[in-house]
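Take a look at the structure below.
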Amino acid sequence: LILSDGKTKVGFLSVDGIGIIGSFVNNVLTRAKTKGYTVPDDNNLMFASHSHSGPAAVTTLKFWKFAAMDLYVKRADDDFSEAFANALANAEKAMVPAKLGTGFSELKGVTSNRRADRSPWLDGDTIDPSLGLLRVEKKDAGEVGTLAGTQSDNNPPAGARDGRAGKVPPRCLRHIE
């Protein structure tokens, strides 16, 4: 999804994977630029659904090779990077006038902290129920997409450049829809 107010463009890319690291983001943006993508690097947010069933094999960080249960595979990294670069470039080329709506609320009682039973510092209520929504509609034709973001297990906020993953648990999405 690429948004613009006529002066500044912002790119969003959601990946159905366990997470995204900075080197992968940089690879995607470098490839996207060769396809005509013009959104400045710092105006992009790439985030992962944190699915343990999605693709892995795209990090050289030893801990995540084992936590994601998949070793680094350069071909997988290249293939995913290329596909995501194409998605960004194609989204920018397909931009149309649209309306943007935003919202913020709290989604209580839907998520839980899976680490609470093992941590001396956390309890079952140690979650951030914050929910941010971004809805895009074509000016004359209906919804283009809805982007929802929540932090379900008290991790730091998402950030594409530093390799942390944004998370939207599927049970949250059911309540949002």
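In this text, all values refer to a predicted model and were calculated from it rather than measured experimentally.
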### Query
Are any side-chain N or O atoms of Asn43 and backbone N or O atoms of Lys9, one a donor and one an acceptor, separated by less than 3.5 Å?
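Answer holds: yes.
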
### Query
Can you tell me how far CZ of Phe47 sits from CZ of Phe12, rounded to the nearest 0.5 angstrom?
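Phe12 atom CZ to Phe47 atom CZ measures 7.0 Å (nearest 0.5 Å).
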
Can you name the side chain to side chain contact (heavy atoms under 4.5 Å, CB included) partners of [X], sequence neighbours left out?
X	result
Asp79	Arg75
Ser105	none
Thr30	none

Ignoring hydrogens, what is the shortest heavy-atom contact between [X] and [Y]? Give both atom names and the distance.
X	Y	answer
Ala91	Leu1	CB-N, 4.4 Å
Val39	Gly11	CG1-N, 3.9 Å
Ala89	Ala32	CB-O, 4.5 Å

### Query
Does Glu82 have any side chain to side chain donor-acceptor pair (under 3.5 Å) partners at least two apart in sequence or in another chain, and if so, which?
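Partners of Glu82 under the side chain to side chain donor-acceptor pair (under 3.5 Å) test: Arg31, Lys35.
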
### Test side chain to side chain donor-acceptor pair (under 3.5 Å) applied to Lys99 - qualifying residues, sequence neighbours left out
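For Lys99, no residue satisfies side chain to side chain donor-acceptor pair (under 3.5 Å) once neighbours in sequence are set aside.
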
### Query
So, Ser81 and Asp77: side-chain donor and acceptor under 3.5 Å apart, yes or no?
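Per modelled atom types, Ser81 and Asp77 side chains form a pair under 3.5 Å.
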
### Modelled atom types, side-chain donor and acceptor of Tyr37 and Asn90, under 3.5 Å
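There is no such pair (donor and acceptor under 3.5 Å, judged by atom type) between the side chains of Tyr37 and Asn90.
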
Flag side-chain contact, heavy atom, 4.5 Å: [X] against [Y]:
X	Y	value
Leu88	Ile2	yes
Ser4	Met95	yes
Leu13	Asn44	no
Lys33	Thr38	no

### Query
How far apart are the C-alpha atoms of Met46 and Val15, what are their side-chain angles, what is the distance that settles it, and do they pass the side chain to side chain contact (heavy atoms under 4.5 Å, CB included) test?
CA-CA 7 Å; Met46 294 186 203; Val15 176; 5.5 Å; no

### Task
Could you give me the CA-CA distance, side-chain angles and deciding distance for Leu3 and Leu100, then say whether side chain to side chain contact (heavy atoms under 4.5 Å, CB included) is met?
CA-CA 9 Å; Leu3 300 176; Leu100 176 67; 4.0 Å; yes

### Query
salt bridge (charged side-chain N to carboxylate O under 4.0 Å, His left out) with Lys93: which residues, sequence neighbours excluded?
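Here no residue qualifies.
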
